[in-house]
Amino acid sequence: LDRRIAVANPHDELGHLAGTLNRLIARLERAVEEIRRFTADASHELRTPLAVLRSEAESMLRKTRTEEEYKTALRVIVEEATRLGTLADQLLTLSRQDAGLAACEREPVQIDALLQDVVELLRPLSESRSVTLSTNQILECEALGDDVRLSQAFFNVLENAIKYSSPDSTIEVETTDIGQQVQVTICDHGIGIPTNQLERVFDRFHRVDSSRNRSIGGTGLGLAITQAIIVAHQGTVELHSELNAGTKVVICLPKASSSSENLSPPETNL
Ligand code: ADP
């Protein structure tokens, strides 16, 4: 169905107005389509763990099990319930962000201390995968922003680096002073991302080849959230990767001393 406004002469005043309206209509259509796809993907992602929870519970009710079988089923239930909880938190974060409700503080944030805290939070995961976190290149630096949200952004990237690292490899976390900006680099030596997927990993729910990820878990929302947070800080996030070699994520943020005045949420992707 073509909803565009037809015009006799595209060069007169009415023609220009119609042109502007047509562009707006096209933007709105894209936004509606994006929301529709997001809602469909979100309900699909919510239904999968719910179905597992239900079938485990039903099968336990159907027949008496040994203690060991009950324990196995309960472990699956706890795992799926945790996954549902993460998914619900992430969906809430994104919808607040889209609605422009996610408050973004503008205060000097000690990035080195914040990164060390994120590293400590993720140390148990890295140890469980025999991955070493190298932090001696985290130098003192301050950016302007919101410490809670920046922690979330770095957490997502470092968690991915650990999840997709090769066992016994090292992840380097570094900061560099580049003029008006602070640059944070998180570099892993893991499975990497194929070149044709690099753009898409920031898309909501996008996972590179879900079969290779199945055992690792994940929702496909982590990088979308990181990108939204960094963009709200007027920063940038870049991803460089080579398949079977590793991935490097480079995040730049305005320095606390830079003249950046306004960290209001930018236009959403609608
Ligand atoms: P997920 O929760 O699935 O990790 P993300 O949005 O954080 O979701 O990442 C999207 C996809 O990008 C992941 O499923 C994974 O396939 C790929 N990816 C992200 N970071 C890395 C990395 N460091 N190494 C390899 N693949 C990665």
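Indexing begins at 1, ligand by ligand and atom by atom, following the structure's order.
For atom 10 (C) of ligand 1, the nearest non-hydrogen atom from the set His189, Arg207, His206 belongs to His206.
For the pair Ile191 and ligand 1, the shortest N or O to N or O distance does not fall below 3.5 Å. Ligand 1 has an N or O atom lying under 3.5 Å from an N or O atom of Gly222, backbone or side chain. Geometrically, ligand 1 and Val208 share a nitrogen or oxygen pair separated by less than 3.5 Å. In terms of N/O distances under 3.5 Å, ligand 1 is not approached by Gly218.
Taking a cutoff of 4.0 Å between a charged side-chain nitrogen and a carboxylate oxygen, Glu58 and Arg54 qualify as a salt bridge. We find that Arg207 and Glu45 are joined by a salt bridge, their nearest charged nitrogen and carboxylate oxygen being less than 4.0 Å apart. Electrostatic pairing of Asp98 and Arg204 counts as a salt bridge here, judged by a charged N lying under 4.0 Å from a carboxylate O. A salt bridge is absent between Glu34 and Arg30; no separation between the charged side-chain nitrogens and carboxylate oxygens falls under 4.0 Å.
One finds the NE2 atom of His11 at 7.5 Å from the NE2 atom of His16 (value rounded to the nearest 0.5 Å). How far CG of Leu243 is from CD1 of Ile193: 9.5 Å, rounded to the nearest 0.5 Å. To the nearest 0.5 Å, the span separating CG on Leu158 from CG on Leu133 amounts to 5.5 Å.
Checking Asp177, Ile111, Leu144 one by one against Lys255, the side-chain contact (heavy atoms from CB on, under 4.5 Å) holds for a single residue, Asp177.
When heavy-atom distances to ligand 1 are checked against a 4.0 Å cut-off, Leu221 comes that close only through its backbone atoms N, CA, C and O. Contact annotation: for Ile193 versus ligand 1, heavy atoms closer than 4.0 Å belong to the side chain alone.
Proximity to Asp188 (heavy-atom distance under 4.0 Å) selects the following atoms of ligand 1: 22 (C), 23 (N). Taking every non-hydrogen atom of Lys163 and a distance limit under 4.0 Å, the qualifying atoms of ligand 1 come out as 1 (P), 2 (O), 4 (O).
Ligand 1 has Gly220 within reach: a non-hydrogen atom of the residue lies less than 4.0 Å from it. The shortest heavy-atom distance from Gln197 to ligand 1 is not under 4.0 Å.
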